[in-house]
Amino acid sequence: QVQLVESGGGLVQPGGSLRLSCAASGIDFRFWTMGWYRQAPGKQRESVATSTAGGTTIYRDSVKGRFTFSRDNAANTMYLQMNSLKPDDTAVYYCTAGPNSYWGQGTQVTVSS
């Protein structure tokens with residue numbers, strides 16, 4: 001049984017920070033490409049950051065310099081540190097393995113004053 005569980009979302013003011021976590025069970029994500037996606041209201045789901053097992057991470061242009069992907073292999077957990085948040089970052093954020101084989105249920109991030 002594979003589960004990906006996101007946490008850490010919430011309401012934050014513009015310019016604030018959040019750290020999202022994705023805890024995986026049933027797989028060893030060291031052997032998978034992992035990623036964070038998001039889906040804003042009325043928009044398609046889009047890649048935010050994708051990281052290969054070799055440690056190469058690709059970020060969406062709009063989050064470069066603000067978001068940082070990391071992973072704790074011992075804990076089978078990955079993170080997305082989000083700084084300097086903007087209202088346009090408002091979305092449901094999902095973690096994925098494969099990147100499309102398994103999905104978490106998402107965590108809501110709302111950036112608003």
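Since the model is a prediction, treat every value here as computed from it, not as a measurement.
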query: Judged by atom type as modelled, is there a donor-acceptor pair below 3.5 Å linking the side chain of R45 to the main-chain atoms of Q39?
result: no

task: Over all heavy atoms of both residues, which pair between C95 and L4 is shortest? Give the atoms and the distance, please.
output: SG-CB, 3.6 Å

task: Answer yes or no: does atom CG of L11 have more than 12 heavy-atom neighbours from other residues, nucleotides or ligands under 6.0 Å?
output: yes

field: Under 3.5 Å donor-acceptor, D72 side chain and T77 backbone
entry: no

- prompt: Which atoms form the tightest heavy-atom contact between A49 and L80, and what is the distance?
  reply: CB-CD1, 4.4 Å

query: Shortest non-hydrogen contact from G106 to E6?
result: N-OE1, 2.8 Å

- prompt: Going hydrophobic residue to hydrophobic residue with side-chain gaps under 4.5 angstrom, can you get from Y79 over to V92?
  reply: no

field: Check: Y59 side chain, R66 main-chain N or O, donor-acceptor pair, under 3.5 Å
entry: no

- prompt: So which heavy atom on I27 is nearest to which on A97, and how close?
  reply: CD1-CB, 3.8 Å

message: Do M82 and Y94 sit in one hydrophobic cluster, given that two such residues count as connected whenever their side-chain heavy atoms are within less than 4.5 Å of each other, even indirectly?
response: no

query: Do Q1 and S25 pass the side chain to side chain contact (heavy atoms under 4.5 Å, CB included) test, and can you show the C-alpha distance, the side-chain angles, and the key distance before you say yes or no?
result: CA-CA 8 Å; Q1 180 174 307; S25 61; over 6 Å; no

field: Presence of salt bridge, K86 and D89, under 4.0 angstrom
entry: no

Closest heavy-atom pair and its distance - S17, N83: OG-OD1, 2.9 Å

- prompt: If you look at every heavy atom in S113 and P14, which pair is closest and at what distance?
  reply: N-CD, 3.7 Å

message: To the closest 0.5 Å, what do you measure between CZ (F69) and CD (Q81)?
response: 13.5 Å

task: Check whether any side-chain N or O of T90 sits under 3.5 Å from a backbone N or O of V111 as a donor-acceptor pair, and report yes or no.
output: yes

field: Min side-chain heavy-atom separation R71-S51 under 4.5 Å
entry: yes

query: Taking the six-membered ring for Trp, are the ring centroids of W36 and F67 within less than 6.0 Å of each other?
result: no

message: Please check if the number of heavy atoms outside Q105 that lie under 6.0 Å from its CD is greater than 12.
response: no

query: Should V2 and W32 be regarded as members of a common hydrophobic cluster, given that ILVMFWY residues are connected when their side-chain heavy atoms come within less than 4.5 Å of each other, either directly or indirectly?
result: yes

- prompt: Should the pair Y37 and W103 be assigned to parallel (<30°), tilted (30 to 60°) or perpendicular (>60°) ring geometry?
  reply: perpendicular

task: Could you walk me through whether L20 and R38 pass the side chain to side chain contact (heavy atoms under 4.5 Å, CB included) test, one step at a time?
output: CA-CA 12 Å; L20 305 183; R38 67 186 182 187; over 6 Å; no

